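Just so you know, these numbers come straight off a predicted model, no measurement behind them.
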Amino acid sequence: MSLKPQYCGRFAPSPTGALHAGSLATALGSWLDARAHQGKWLLRIEDLDLPRCVPGADKIIIQQLLNCGLHWDGEIEYQSKRSHFYESALNQLLQEKKAYGCRCTRKQIEDQLLSLGKKKDRHGELVYPGSCRNLKEVTEPCAWRLLVTDSEVESSVGDFVLKRSDRVFTYQLAVVVDDYLQGITHIVRGEDLLDNTARQIYLQKQLNYPQPHYLHLPLVRDDNNEKLSKQTNATASACNTPEEALEALQAAARHLGLDEPELFKQGSDSTQFSESTIHESTITQWLEIAVEYYRKTRL
């Protein structure tokens, strides 16, 4: 009988701004799943696309997590310092003829699709039609695409980009390589990334990586039913004091459907978590209760 690998999860925010209610709910959900399994929980800062990153946002995110008692295991990894790993994976795919160079612009791809009678949906993917698949030689600058033969992935996105023409590695390649090298066995993230899962599993297969377990959490949405996003200036979660941190954690727990009464006792002298007695140890105690409740109801 083979032994199951030890649970190893991760939280991987992009430093484009502070954590908002949605990203904090994801952080709590992934942390709870790891701790309920008595596993590791790693923190990775996904800062590959440096022009989009906000200076100092990583430090704000780190402090928010610490204030909420969401401690991680090991050193924090920064994707911007790991490009040599992504280059190695890309070279492997090129050597095995599983990837190729492409010099098509976005406009050219759109025109190619129109000539085939296909039009991109407003919020849909620009499905690459494989125009450069059979070119014998492509010189840089060019994008490097994965050769996709899976019918589902091919119809939804086509041969997707692994490294852009500006030499920036894409999220798809970086996250797959990082999850493998860090030994990630379980990925808990927002359902907005669900569309990425099929292509990441396909890429894992092409690189001969094991497939992690995936769990996608419901998104926190605004009054217009749009997901909270740093790009739309979602309000940062206030957690500078223990009182604010506890309130933010409770809101995240409600969103995750964790309705254990002990998690929401607050506000009178007779309650377990009275406002006058909230401090760092209160956060620790709250998290311990949350882990036990999660273990009983979700595992």
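Residues satisfying the ring pair (Phe, Tyr, Trp, His ring centres under 6.0 Å) criterion with His37, sequence neighbours excluded, are Tyr7, His186.
Figure legend: Arg133 and Tyr100 shown without cation-pi pairing, the cationic atom not lying both under 6.0 angstrom from the six-membered ring centre and within 45 degrees of its axis. Judged by a 6.0 Å distance limit and a 45° cone about the ring axis, Lys81 is positioned over the six-membered ring of Tyr78.
Within the 4.5 Å cutoff, the side chain of Asp178 has no heavy atoms near those of the Ile184 side chain. Under the 4.5 Å side-chain criterion, counting only non-hydrogen atoms from C-beta, Val291 is in contact with Arg295. Contact annotation: the side chain of Leu263 never approaches that of Leu249 to less than 4.5 Å [non-hydrogen atoms, C-beta and beyond]. Side-chain contact check for Gln200 versus Ile187: every heavy-atom pair is 4.5 Å or farther apart. The shortest side-chain heavy-atom distance between Tyr294 and Leu256 does not fall under the 4.5 Å cut-off. Side-chain contact check for Pro129 versus Leu116: some heavy-atom pair is nearer than 4.5 Å. For the pair Asp33/Leu299, a side-chain contact is recorded, criterion being any heavy-atom separation below 4.5 Å from C-beta on. Put simply, the side chain of Asp195 does not reach to within 4.5 Å of the side chain of Ser156, judged on heavy atoms.
Side chains of Ser131 and Gln112: a donor on one and an acceptor on the other come within 3.5 Å. In the model, Arg189 has a side-chain atom that pairs as donor or acceptor with a side-chain atom of Thr197 under 3.5 Å. For the 3.5 Å distance criterion, the side chains of Gln182 and Glu77 fail to qualify, holding no donor opposite an acceptor.
The nearest pair of heavy atoms linking Pro15 to Asp58 is CB-N, 3.8 Å. Pro13 and Leu43 make their closest contact through CD-CD1, 3.9 Å (heavy atoms, listed as atom of the first residue, atom of the second, distance). Closest non-hydrogen pair, Glu280 versus Pro242, comes out as N-CG, 4.2 Å. Ile283 and Ala245 make their closest contact through CD1-CB, 4.1 Å (heavy atoms, listed as atom of the first residue, atom of the second, distance). Heavy atoms only, all atoms of each residue included: Ala89 and Val177 are closest at CB-CG2, 3.6 Å. Listed here is the closest heavy atom pair of Gln79 and Ala174: NE2-CB, 3.6 Å.
Rounding to the nearest 0.5 Å places CD1 of Ile201 at 12.5 Å from CD of Gln206. Atom CD of Glu154 sits about 8.5 Å away from atom CG of Asp150, to the nearest 0.5 Å. How far CG of Leu93 is from CG of Leu173: 7.5 Å, rounded to the nearest 0.5 Å. One distance of note links OG of Ser23 with CD1 of Ile61; it measures 7.0 Å at 0.5 Å rounding. Note that CZ of Arg164 is 9.0 Å distant from CG of Leu48, once rounded to the nearest 0.5 Å. With rounding to the nearest 0.5 angstrom, the CG atom of Asp192 is 5.0 Å from the CG atom of Leu219.
In this structure, Ile45 is a member of the same hydrophobic cluster as Phe11, with clusters built from ILVMFWY side-chain heavy atoms closer than 4.5 Å. At a threshold of 4.5 Å between side-chain heavy atoms, the hydrophobic network of Ile, Leu, Val, Met, Phe, Trp and Tyr places Leu146 and Leu193 in one connected group. Under the 4.5 Å side-chain contact rule for hydrophobic residues, Ile76 and Leu42 do not share a cluster. Linking ILVMFWY side-chain heavy atoms closer than 4.5 Å, directly or via other members, places Val157 and Val175 in a single hydrophobic cluster. The hydrophobic cluster containing Tyr128 also contains Leu113, counting ILVMFWY residues as joined when their side-chain heavy atoms lie under 4.5 angstrom apart, directly or transitively.
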**OP:** Mind running side-chain contact (heavy atoms from CB on, under 4.5 Å) on Lys97 and Leu147 for me, showing each step along the way?
**Re:** CA-CA 8 Å; Lys97 301 189 183 306; Leu147 179 62; over 6 Å; no
Original post:
Would Arg167 and Glu140 satisfy salt bridge (charged side-chain N to carboxylate O under 4.0 Å, His left out), going step by step from the backbone distance to the final call?
Top reply: CA-CA 9 Å; Arg167 299 181 180 274; Glu140 293 194 272; 3.6 Å; yes
Original post:
Please walk me through it: do Phe264 and Arg254 pass side-chain contact (heavy atoms from CB on, under 4.5 Å)?
Top reply: CA-CA 9 Å; Phe264 303 102; Arg254 288 189 184 94; 3.3 Å; yes
**OP:** Take Asn91 and Leu94 through the test side-chain contact (heavy atoms from CB on, under 4.5 Å) and record every step on the way to the result.
**Re:** CA-CA 5 Å; Asn91 286 336; Leu94 289 170; 4.2 Å; yes
**OP:** Would you sort out whether Gln285 and Glu262 count as a side-chain contact (heavy atoms from CB on, under 4.5 Å), showing the intermediate values?
**Re:** CA-CA 11 Å; Gln285 185 181 6; Glu262 289 296 317; over 6 Å; no
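Judged purely by atom type and a 3.5 angstrom limit, Thr297 uses its side chain to pair as donor or acceptor with the backbone of Tyr293. Under a 3.5 Å cut-off, the side chain of Trp31 and the backbone N or O of Thr26 do not form any donor-acceptor pair. Under the 3.5 Å distance criterion, the side-chain polar atoms of Gln63 are left unmatched by any main-chain donor or acceptor of Lys59. Between the side chain of Lys40 and the backbone N or O of Ala34, no donor-acceptor pair lies under 3.5 Å. Looking at Asp47, its side chain never comes within 3.5 Å of a backbone N or O of Leu50 through a donor-acceptor pair. The backbone N or O of Leu19 lies less than 3.5 Å from a partner atom in the side chain of Gln64, making a donor-acceptor pair. Using modelled atom types, no side-chain atom of Ser165 and backbone atom of Cys142 make a donor-acceptor pair closer than 3.5 Å. Within the 3.5 Å criterion, the main-chain N or O of Glu244 finds no donor-acceptor partner in the side chain of Glu247. With hydrogens and angles disregarded, no donor-acceptor distance shorter than 3.5 Å links the side chain of Trp41 to the backbone of His71. Distance alone, capped at 3.5 Å, places no donor-acceptor pair between the Thr16 side chain and the Arg52 backbone.
Salt-bridge annotation for Lys163 and Glu87: present, with a side-chain N of the basic residue lying under 4.0 Å from a carboxylate O of the acidic one. Comment: Asp179 engages Arg44 in a salt bridge, judged by a side-chain N to carboxylate O separation of less than 4.0 angstrom. Salt-bridge formation is not detected for the pair Asp73/Arg10: no Lys NZ or Arg NE/NH1/NH2 atom is positioned less than 4.0 Å from an Asp or Glu carboxylate oxygen. Between Asp159 and Arg199 there is no salt bridge, since none of the side-chain N atoms of the basic residue sits less than 4.0 Å from a carboxylate O of the acidic one. Between Lys107 and Glu110, no side-chain nitrogen of the basic residue sits less than 4.0 Å from a carboxylate oxygen of the acidic one, so the salt-bridge criterion is not met.
For the ring-ring contact (aromatic ring centres under 6.0 Å, His included) condition, the pairs that include at least one residue of residues 136-181, sequence neighbours left out, are Tyr86-Phe169, Tyr180-Tyr209.
Around atom CD of Glu292, more than 12 heavy atoms belonging to other residues, nucleotides or ligands sit under 6.0 Å away.
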